[in-house]
Amino acid sequence: MYLPQGDDKICLPQNPVDLFGSSNTVRICAPMVRYSKLAFRTLVRKYGCDLCYTPMIVAADFVKSAKARDSEFTTNQGDQPLVVQFAAKDAKVLADAALLVCPFAGGIDLNCGCPQRWAMSDGYGACLINRPQLVHDMVRQVRCQVENPRFSVSIKIRIHADIVKTVDLCRKAEAAGVSWITVHGRLPEERHQPVHYDAIKIIKDSLSIPVVANGDIKSLKEAENIHQITGADGVMAARGLLTNPAMFAGYEETPLSCIMDWVDIALEHGTPFTCFHHHIMYMMEQITSKQEKRVFNVLSSTSAVLDYFRDVYGV
């Protein structure tokens, strides 16, 4: 984990809840396995992203292993406000994980939405929407164990077919002291079906805490439309930001300047080549021909990528 040293100024993490106090819709980068790490968070913050999440981290491993902490969580002074997302199924373990990150982050988020089979079979992710009392207990334990009252505790959920059950879950979390709730408007078994924005609106209308809308947000215009439809206090994007990290700044497709910023940031952070290359493949998805993709996607070194941009774009 990052600890400020040398010329860095030690400062308290920013409280993400403060973002929801303004009249603006909060623009959020979702937790994405492998992708929403420090370098990418640095890039999207430069292009209008207000709040970033880490990738999902298994809390039990994080608490037990210093090696897991060092590999899973990296941050710096510019990486604020920041939410660390955990997969957990035990209140004490989640609270212990929160204690470890509270000096470096503004809050933690409990993943109650991951639909992957491994997560649900292990008792994590979307299966937790059917265990509202456990979710309540985990939120409450973090609230009791972390002394900083400005440390945020949020949850990210999927919805039930019966929206009454989802509202009940959310009200139990609210009673436990959750700071806000992010709603991915699909059932756990749904993948590419249309998002149920009407369900997000029902949840928003049923709570007094902020609600964030998530699901198929691929442009700033879509984000604004979904805010209008749901009344949500924030919008969270995943694949939309991968494809266009400048989306929240109003760009319809990734500008070359953003790709070049990624090159600089990734090299500065020592991003492994595979991750560095995959991010650019996503960014160029909508702006290159099939022939250009065939050439770029098989490049196998950082120097080859740099040569490509010099030869093709003159940068």
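Sequential numbering from 1 along the given sequence is applied to the chain's residues.
No hydrogens or angles considered: nothing links the side chains of Ser154 and Ser152 as a donor-acceptor pair under 3.5 Å. With 3.5 Å as the limit, one finds no donor-acceptor pair spanning the side chains of Thr230 and Lys201. Gln286 and Thr254 share no side-chain donor-acceptor pair at under 3.5 Å.
Side-chain atoms of Arg171 never come within 3.5 Å of backbone atoms of Leu207 as a donor-acceptor pair (strictly under, hydrogens ignored). Remark: side-chain polar atoms of Ser121 are paired, donor with acceptor, to backbone N or O of Trp118 under 3.5 angstrom. Side chain of Glu224 to main chain of Glu222: no donor-acceptor pair is present (N/O by atom type, distance under 3.5 Å, no hydrogens or angles). Thr243 places no side-chain N or O within 3.5 Å of a backbone atom of Gly240 that could act as its donor or acceptor partner. Side chain of Asn244 to main chain of Tyr251: a donor-acceptor pair is present (N/O by atom type, distance under 3.5 Å, no hydrogens or angles). Checking side-chain atoms of Tyr197 against main-chain N and O of Gly215 turns up a donor-acceptor pair under 3.5 Å. With hydrogens and angles disregarded, no donor-acceptor distance shorter than 3.5 Å links the side chain of Arg27 to the backbone of Cys49. At distances below 3.5 Å, not a single donor-acceptor pair connects side-chain atoms of Lys156 with backbone N or O atoms of Asp109. With hydrogens and angles disregarded, no donor-acceptor distance shorter than 3.5 Å links the side chain of Arg41 to the backbone of Thr54. At distances below 3.5 Å, at least one donor-acceptor pair connects side-chain atoms of His269 with backbone N or O atoms of Ile265.
One finds no salt bridge joining Arg45 and Asp50 here, because no Lys/Arg side-chain nitrogen approaches an Asp/Glu carboxylate oxygen to under 4.0 Å. Between Asp61 and Arg69 there is no salt bridge, since no side-chain nitrogen of the basic residue lies less than 4.0 Å from a carboxylate oxygen of the acidic one. A salt bridge is defined here as a Lys NZ or Arg NE, NH1 or NH2 lying under 4.0 Å from an Asp or Glu carboxylate O, and Asp18 with Arg150 meets this definition.
For Lys221, there are no salt bridge (charged side-chain N to carboxylate O under 4.0 Å, His left out) partners, not counting sequence neighbours. Partners of Tyr53 under the ring pair (Phe, Tyr, Trp, His ring centres under 6.0 Å) rule, at least two apart in sequence or in another chain, do not exist in this structure. Remark: Lys218 pairs with no residue by the salt bridge (charged side-chain N to carboxylate O under 4.0 Å, His left out) rule, at least two apart or across chains. With sequence neighbours excluded, no residue forms a salt bridge (charged side-chain N to carboxylate O under 4.0 Å, His left out) with Asp137.
Note on ring orientation: taking the six-membered ring where Trp is involved, the planes of Tyr35 and His279 are perpendicular (angle over 60°, cut-offs 30° and 60°). The aromatic rings of Phe276 and Phe273 lie tilted to each other, with the angle between the two planes from 30° to 60°.
With contacts defined as side-chain heavy-atom distances shorter than 4.5 Å, the pair Met138/Leu128 qualifies. Looking at heavy atoms from C-beta onward, Ile209 lies in side-chain contact with Ile181 at the 4.5 angstrom threshold. Using a 4.5 Å heavy-atom cutoff, the side chains of Leu267 and Thr302 are in contact. Contact of the Ile280 side chain with the Phe296 side chain is registered, since non-hydrogen atoms from C-beta on lie closer than 4.5 Å. Taking 4.5 Å as the limit, every side-chain heavy atom of Asn214 sits out of range of all side-chain heavy atoms of Ile28. In this structure the side chain of Ser257 reaches within 4.5 angstrom of the side chain of Tyr47, judged on heavy atoms.
Under the 4.5 Å side-chain heavy-atom criterion for ILVMFWY residues, no single connected hydrophobic cluster contains both Val195 and Met236.
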Without placing hydrogens or testing angles, list every side-chain donor-acceptor pair under 3.5 Å for residues 305-315, not counting sequence neighbours.
{"from": "Asp307", "atom 1": "OD1", "to": "Arg310", "atom 2": "NH1", "distance (Å)": "3.0"}

What donor-acceptor contacts under 3.5 angstrom involve side-chain atoms of residues 157-167, with partners at least two apart or in another chain?
{"from": "Arg158", "atom 1": "NE", "to": "Gly113", "atom 2": "O", "distance (Å)": "3.3"}
{"from": "Arg158", "atom 1": "NH1", "to": "Leu187", "atom 2": "O", "distance (Å)": "2.9"}
{"from": "Arg158", "atom 1": "NH1", "to": "Glu190", "atom 2": "O", "distance (Å)": "2.7"}
{"from": "His160", "atom 1": "ND1", "to": "Thr166", "atom 2": "N", "distance (Å)": "3.3"}
{"from": "His160", "atom 1": "ND1", "to": "Thr166", "atom 2": "OG1", "distance (Å)": "2.8"}
{"from": "His160", "atom 1": "NE2", "to": "Ile129", "atom 2": "O", "distance (Å)": "2.9"}
{"from": "His160", "atom 1": "NE2", "to": "Asn130", "atom 2": "OD1", "distance (Å)": "3.3"}
{"from": "Asp162", "atom 1": "OD1", "to": "Val164", "atom 2": "N", "distance (Å)": "3.1"}
{"from": "Thr166", "atom 1": "OG1", "to": "His160", "atom 2": "N", "distance (Å)": "2.9"}

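Rounding to the nearest 0.5 angstrom, the gap separating the CG atom in Leu51 from the CH2 atom in Trp180 is 5.5 Å.
Between Ala223 and Val235 the shortest heavy-atom distance is O-CG1, 3.7 Å.
More than 12 heavy atoms of other residues, nucleotides or ligands sit less than 6.0 Å from atom CZ of Arg143.
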